[in-house]
Structure formats: C-alpha cells, structure tokens
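The structure under discussion appears below in the form of structure tokens.
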Amino acid sequence: MSFQSIKRTALGAALLLIAGSFAFACQSTSSTDASNSDAAEKVYVAPGEHDEFYAFMSGGYSGQLGIYGLPSGRHLKTVPVFSQFGENGYGYSEDTRPLLQTSFGFVPWGDAHHPKVSQTDGVPDGRWLFINENNTPRIARVDLTTFETTEVLEIPNSAGNHASAFVTPNSEYVSAATRFSIPMDEENLQNQDVSIDSYKENFNGTISFIRADKPGEMEVSFQILVPGYDYDLSHAGKGPSDGWSFFTSYNSEEANTMLEKNASRNDKDFIAAVNWRKAEEYANNGECRMVPGEHAHNHVNHDTGLAESEMRDEVCVLNPADNPGMVYFLPTPKSPHGVDVDPTGQYIIAGGKLSTIIPVFAFDKMIDAIERESFAKDIDGIPVLNYNELLHGEVENPGLGPLHTEFDGKGYAYTTAFISSEIVKWDIEKTEVVDRIDTYYSPGHLMIPGGDSQEPFGQYLVALNKITKDRYLPTGPELWHSAQLIDISGDKMKLLLDFPTSGEPHYAQAIPADMIKDKQRKIYDIKTENGNPYKVLNEDETGIERRGNEVHVYMSAIRSHFVPDNIEGIKLGDEVYFHVTNLEQDWDIPHGFAVQGANTAEVLVMPGQTRTLKWTPTKTGVFPFYCTDFCSALHQEMQGYVRVSPEGSDVPLASNAGQERPGSQLLSK
Amino acid sequence: MQWSAPLQSRTRWAVAIAAIALVAVYIFPIWQISLDAPQYPEGLGMEIWVHTVTGENPNDLQNINGLNHYIGMKEIDPDTIPELVYMPWIIAGLMVLGLGVALINRRWALALWATLFLLFAIAGMVDFYIWAYDYGHDLNPEAAIKVPGMSYMPPILGTKQMLNITAGSWPAIGGIIMMLSCAAACGLTAFELFWADTPDQNASDTDTAPSSAPASTDASIDVHPSASSASSSSTSVA
C-alpha cells in the first residue's frame, strides 16, 4: 500500500467515525425529548432578579474572558485579558498597553484557555481568577472586584502554554506546562536554530510553578525540565494529595510531524505526577540552576492605576535527574487529555482521547508504589510506575473520546465524550456508569460550579461544546460555540438550556454569586483611589502643556461636557496625550473619549478613573472629539474640537473650555 | 400667675432633659431630602446637619449637584451657607439656657427659654423656606433644561414631583429630637403657667436639690393637688 492510499484509508475511517457520531446524536434528538417540562422555570431569572452563579468562561481564541450568569446563560460582560479590546480601549490606552508586553515585544492577541478561580483550603474563594495564554505563554490575574486584568506574567522556556492555569489548594502556585516542546541547549535551555528532525535529540518541555498568592508579585518560582512530549492538561492534588500536581502528556513517541498519526501509536502515554512541595524545597535550598530566560512581568500599579512592564532575565530550573523524588510518570492509555482529581483528593482520573475506558488511579496506591520503588523503567531520571499497581478501577463503556471529568461532591463523576457527543455520569467508588445524556455537539470541557474543588456546589453542569451546527439561528459560516446547562440535582441528568458563548470557552469556572456580588467596585474614589499622576481633581486643574513635541491635555469629563473642549496649537509631528479623568462619582456613569483619526481606539473611563489616549495627528485641520458612552440626556452635546496646524506654525498652544465654567480661562503655556 | 414662682421639681428635670437632648443635633442630621428617580434604584438624598450638608451616600451631594446643573440650580455647597457656621452656636446657646432655667428655677426663665426656642424654630423653618425658594427659583438663564413656568423648589415638608424626580423632605432624627425638645419647652411652660399649683414660697426656696426629690412623692402631687400636701411633701424632701 502506498503512503497515499494509507492516508486515504485513514481519512475514510475518520469520516465514518465522525459521521457515525452525528447520526447517533441526531437519532437521540428524536427519540428522547432533550429538555424536560419544567426546564423553562428552572432557568428563568425574572426581570430585575439576579442569577445564582457567576460563570467565568474562557474566551478561547478571542483571548478574553466571558462572564455569564447561571442558570439564565446571560452574557454579562467580556473581560479583556490577552487581546486588545476596542470596546474600552484595553491594550490600546497608554495605561493598559504594558499589560500586553512580552519578550517578543507588544503582542496584541492571545489564545486563552483555562480560567481558574483562586482557592483557600481547596475551595474557590472568589478573590482572583487566573487564566492562561497558549500561544505566547502567559498567565494573567483578573481581579474579581473590578473584573479587570491586573497582572500578566510571561513564562520563559516554554511554548504552547496549555496545561495551565491550575491552582494549588491555597493558591500558593499556579502551574503551567509546555504543550509544544522546543529545542533547548544543554547549558542555558535557550531555543535553538536546529533541524526540526532533531526533535528526539534536542527538544524538551518544562513544567512551571508560579507563585500567585501575592497580587502584583507573580513570579516563576521554579521550572522542572521534562522530556520532549506535549504536556496537555493539569490539576493540583487536594486533601491527601495536596502537595502534588498532575499533568497529562501525549506524544511520548516524540514525533515532530503528522502528530495526528505519529503521536497516536503508543498504547500508553504518561501522567506526570509532580511533588511540588519537594520541588519547592529544592528551589528554596538553592538546589536549582539559574538559567537565562527573558520574560515579561506586567502589572497594574496599585497606587497609580497605570500598568507597568518589566523584563526579568532568569529562572530557576530543576532537573529530575539531579533532583530525585520530584516527578513520576503514571502510564496512561492513549493520548490522555484531561486529568482530574476527585473532591476527596484520592482519585486521579484521566481522559484518554482514544481510549475505550477511563482509568481511575488511587493516590495512596501511587504513594505506596513510590515507597516500594516499584518502577517499570526510568526516563531521563523520571521513574515510570506500573499501570496495574496504581489502578483503583477502569470505567467501562464511558463513551467515545473521553476528555474531561468534573465532580458533584456526592460520589459521582461526569465525563465528556467528544466523539459520541455525550456526558456520562459514573460512580467513582464502583467505577460504573449510572447515567448518560446527549450533548449538541461534541463537548470538550465540562464545568460544575466548584466541580474541580474539594467542595463542589453541584446543582448544575455546563457542557462546553465545540460544535454548534443547527442549535441556533445560523450566522453565516462562523457560529458561536454552544454551551448547554444540565440539571444534575437528581438521579437523572436533565438538559435545561442552550446558550451561545464567545470565542471557544475551553474551560470555565463558576461560583455562587453571593461570594462576590457585594464586593463589586462601583466607582473609584477620585480623591483616595486614583493615584494617576495625570489626573485632575476638578475642572480648575484641567489644562494643556507642551513638552517638546509631546502635548499633554489634562482633561475632565462630567455630564455633559469635557474641559477643555476647544484646543489649538497642536502641530503636525506632535504626539498628543489626552489624559481624561472622569469626575463622576456615580455608579455606572462611564465616559468614553474618541478623537477622529486616532490609530488606536476609544478610552472608556470609569467614574473617578483617569485614562490616557495617545493621538498622533496625520492631517491638518480641525477634528472633533466626543463622548462615546451615552451618559446623559445631553450626551450628544458632549463634544469638542482640536485644531491641528502645519509643522512650524505659530498658532499658540491654547485651550478654551467655554464661557462660564471654572477652568474657562484661556490656558496657554 | 406667678412669674417668679419656682418650678415643680419634675418640670426642672424635664427642662434639663429637654436641653441635654439637644446634644442629638450634633450627632444626627436635622433634616433629610430624598430624590427618587427610576435611574437611581439605590436612592439619592442629602442630609442637613447642624454644621453642614452631606449626601446620604458618600457622593450623593455631588450627584445631586450634577443633576441640578442641567436646570441651572446653584451648586449646593455647605461652605456658602453661613447658617451652618452659627447654627451650632445657637443650639449650644439654647442648651445652656435650658440648663440655666433648671438652675434658676423660675417660671419666667422657662417662659423666656420656650419663647426663644420657638422663635428660633420658626426662624429656622422660614430660613429653610427662603433657601429652598432661592435654590428653586434663582436659576441660571443659560441652563440646558428650561421648562416654561417650572420652578424647582423642593418641598419644605412632604413630597413633590419635579420632572422625573419625586423629592421628599422630612425631619431627620436630630430634627425630630429638636422639635420634641421645643415642644417640651412650650408644653412645660404652659403647664407651669396654667395648670400647676403655685408651691409654697418658703418651701420652694429651700428646694435647691431637685435631684433628691423622689418620684413617688412627686407623683402624689398630681393625684392630690392640694397646696398642703404639695408643700408638706416639698418640705419633707428639704
């Protein structure tokens, strides 16, 4: 058989498999009523009422974070994290741009994957949310009192930061691991200009632990050098397994081309079990190697509200060959994807994408095997344990393509089956399937509020489907992904609601609304909570200033006017900085500022906040600026003009704020 | 009607309490004005204190001024209201006078205090009316919103609909206590002048220690309002 015909046969088989799964899904639509009679009542949130849960859904390739209410499925907000966001100027305004700085320069887009709410004692606490970026490896922190991104840390010596951002039970660390192993030189782990065919020889991965419990001070505490596999997903241990983290890997074949086929050969790949307390001990004792690793740390300065970016140069690296007792490999069938730890912390569950069973490992058996040193072999200093000695049981008939598992805290696990488009509910102790429900279509992750913590809140399950097809009114070729809310409060799962989600919400988290609802910030106190050096406290402090070819406009906004609103004396070649302070001290009264021809975006300024828009005029003339957020009855009147004169013009720098207001005197310097 | 007669010891107590109660004016707001509008579900209001005007919530005053500027109303700025400077002293004066009445222990003193208090209260309400009238009528002719014939004088007491806003004006705790104190001053005066018996001159002269008057013996005065029993009880106390 020629290569071509093998390819054709493989393709044909794959198509059959996919077609079959859809036929199965379609059949069941007609045979069982997907919904149940009281579904509408269960998801109805009356006008003026609030949802029970906040759901935080990754925005996937939008780079953002979607905030939804459950059970209504209402999209409440998009929080920009890794991508510029024209809606509020995030990543465009001078005060937020540094958040998107990396060792590759300014990166305006990211691929967000796994949001994770911070935890205390293994339970979500609603302080922060961490989320990873896959493409240019980064971790971000979102403050859940403002729903704003406040910190972004780049991860050096990594590529494809997929197995991230998973927190340890007290948010000590957020972990991250390389999805795409890269060539690393022996000495400094630097990326190398080598033949891609030298994969087996030169390529490596890293697993990183990032100190995360101090806002504004995230740092890569230590990295562990691991073989050149693809590290996929992770979860930290809890309870008895606290101190350990588990990372799935695939491509133990170490293929560098056509992974679809070449990385699917081995019967088993590995879960890397990392004893992070042991690693921490090595790092604290200085038993690690400091290697160069340029990476950006960006955060919003708490005092000024301005984002700052600093470059860090090196990182502490541990090598399992030199630092024993830190990493063990658990052989796991068929290219495992998700790895999940049940609420008791005793069972470790892997989703083998191509596996026909779900393996359930027992943590105490793993510890026992390690203590007995019952190792099958050793890979680069990492002992490989024996599959059968770790096993609590295997779940039979879990659906095709099991990926991810979450828990209800009542002894049941729920696993998505991508290929057979269903969720199976199974008994953890007995490793037996007890219920199944179809999803539409092809679920990736699933999420139960608190469902990966020590105390799941239960009640609902959200299937995060990868394929939408006919579920909503079609919107051209591109469709938002479909999420499905399922009631898990009874013995049988019941489908309650479909709702579309932006980007690709790989993973999600949800917490009871009461946990953070009353902590929401409404305004910034302009006197005590705005330390922005360019702020004005009132209209008397507004003004305009030239510093060489930089012109700084200190502008105020309050219903329904800007001060100043007429500006002259700008010349071509000038860079104009509009520092706009919103003087409002009233909830939900932002003002926006936009000026014609700006090559950035608007800035949306929250009450009491100052934001800076940089404008480099490219033409002479008079250009309007205006408030973009309909703030008041006279919002349309909230406008002004800025005059741009030719280079070398002698028009004096001046601003005029109208006739009757404070600050109305002609300002010129 | 004996203007120089001493007060019943119970009256002296009541006067002292009424005077001391005025301390509340320094602790609680005197008056509150609330504004209800659909877009302010959390409420919007201001409180008038003896020495200042504040928002019910930290930024309400600024927000009220923000709304008012559309109709051209002057900014409500406590620093521009002189009454807020001397009102604390007037209240302090009333307190001192009230305690003085208890010490002087004469009907004329009580009557004088009650009169001053009442005049102050009336003057205060008139002053409040004038300010409210001024804020509501002295509008900037360049205001953005001009409704022909419309003025924006807030109600002095009660509620009033103005455009989309329902304004309510009510005494607050400090004001209520002050009113009760004033009412007590007037009521006690009336009681002393018209209903109370004139105690024996000698007995009352010696009655310099009201704190030692047992309540029970005082109660008997009301029940048996005969001069002999009143004087005997007073004497026994002395």
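Heavy atoms of other residues, nucleotides or ligands lying less than 6.0 angstrom from CZ of F147(A) number more than 12. Within a 6.0 Å radius of OH in Y86(B), other residues, nucleotides and ligands contribute more than 12 heavy atoms. By the neighbour-count criterion of 12 heavy atoms within 6.0 Å, atom OH of Y641(A) is sparsely surrounded, having that number or fewer from other residues, nucleotides or ligands. A 6.0 Å sphere centred on NE2 of H302(A) holds no more than 12 heavy atoms belonging to other residues, nucleotides or ligands.
For R127(A), the salt bridge (charged side-chain N to carboxylate O under 4.0 Å, His left out) partners at least two apart in sequence or on another chain are D125(A).
The side-chain heavy atoms of D586(A) and Q39(B), taken from C-beta on, include no pair separated by under 4.5 Å.
Taken from CD1 in I526(A) to CD in Q62(B), the straight-line distance is 7.5 Å, to the nearest 0.5 Å. Note that the NE2 atom of H69(B) and the CZ atom of R559(A) stand 9.0 Å from one another [nearest 0.5 Å].
Of the atoms belonging to I523(A), it is side-chain heavy atoms, and not backbone ones, that fall under 4.5 Å from chain B.
Of the possible donor and acceptor atoms, none in the side chain of Q585(A) sits under 3.5 Å from a partner among the backbone N and O of P58(B).
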